[in-house]
Amino acid sequence: MAVYFATSRPQALLDEFDARLNASEEWKRIEAWIKNGDGSYTRSDESWTGKASMRPRVDEDRLTFNIVRLDQGAISSVVYSHYHGNLVEAFLRQLDLMFSMITSTPRCVDGDEWT
């Protein structure tokens, strides 16, 4: 359960995502996500915070976000679809010029921590 953003500048894409979380201008700000102390990201809205997080990994030609379980239960399809969908939406709305393609997986992949 991962989201891949194809880009020639994966670190710059991640840096810009971080910058948008704290942007002073409202039109630039991504408000639906917060960064955790471990470098992963979770939803900022109260009903979804703490259900999971998305851990970034910078690869040569893509930025990958793997899902990470934050509590003792398994991650449901409702939770991972919400996290994936909202991450994709944030990148499409705010960072669309920095990547060429998004791929999202429906099942566990290397790097996920979900059971």
Please report the interatomic distance [atom1]([X]) to [atom2]([Y]), rounded to the nearest 0.5 Å.
X   : Y   : atom1 : atom2 : value
M98 : S8  : CE    : OG    : 9.0 Å
N86 : D45 : CG    : CG    : 7.5 Å
L63 : F99 : CG    : CZ    : 10.0 Å
T7  : R62 : OG1   : CZ    : 12.5 Å
W27 : Q94 : CH2   : CD    : 8.5 Å

Kindly say whether M54 contributes a backbone atom to a donor-acceptor pair with the side chain of S40 at under 3.5 angstrom?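 Checked: no pair found.
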
For [X] and [Y], work out which heavy atoms get closest and say how close.
X   : Y    : answer
A2  : T105 : N-OG1, 2.7 Å
R55 : D38  : NH2-OD2, 4.2 Å
R29 : A23  : NE-O, 2.8 Å

Candidate list T64, T103, I102, test side chain to side chain contact (heavy atoms under 4.5 Å, CB included), partner V3, passing option: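 Per the side chain to side chain contact (heavy atoms under 4.5 Å, CB included) rule, the option paired with V3 is I102, out of T64, T103, I102.
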
Mind jotting down which residue pairs meet the salt bridge (charged side-chain N to carboxylate O under 4.0 Å, His left out) criterion with at least one end in residues 9-19? Sequence neighbours excluded, please.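 Listed once each, the pairs are E16-R20, D18-K35.
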
With salt bridge (charged side-chain N to carboxylate O under 4.0 Å, His left out) as the rule and sequence neighbours excluded, what pairs involving residues 80-92 come up?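 Passing the test, one end in residues 80-92: E89-R93.
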
V78 reachable from V88 in the ILVMFWY side-chain graph, under 4.5 Å edges: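 Yes: a chain of side-chain contacts under 4.5 Å links V88 to V78.
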
Is there a chain of hydrophobic side chains (I, L, V, M, F, W, Y, each step under 4.5 Å between heavy atoms) that links I67 to I34?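 Hydrophobic grouping puts I67 apart from I34.
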
E25 atom CD, over 12 foreign heavy atoms within 6.0 Å: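 More than 12 heavy atoms, drawn from other residues, nucleotides or ligands, come within 6.0 Å of this atom.
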
Hydrogens and angles aside, do N36 and T42 bring a side-chain donor and acceptor to less than 3.5 Å of each other?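 Side-chain D/A pair, N36 to T42: absent.
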
List in chain and number order the residues that pass ring pair (Phe, Tyr, Trp, His ring centres under 6.0 Å) with F91, two or more places apart in sequence or in another chain; answer none if no residue qualifies.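 Testing F91 for ring pair (Phe, Tyr, Trp, His ring centres under 6.0 Å), a comparison that skips the adjacent residues, returns F5, F17, F65.
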
Aromatic rings H82 and W48: how do their planes relate, parallel, tilted or perpendicular, breaks at 30° and 60°?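 Correct class here is parallel.
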
Quick one, W33 and Y83 - any side-chain contact, counting heavy atoms below 4.5 Å?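 Heavy-atom side-chain distance check passes, below 4.5 Å.
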
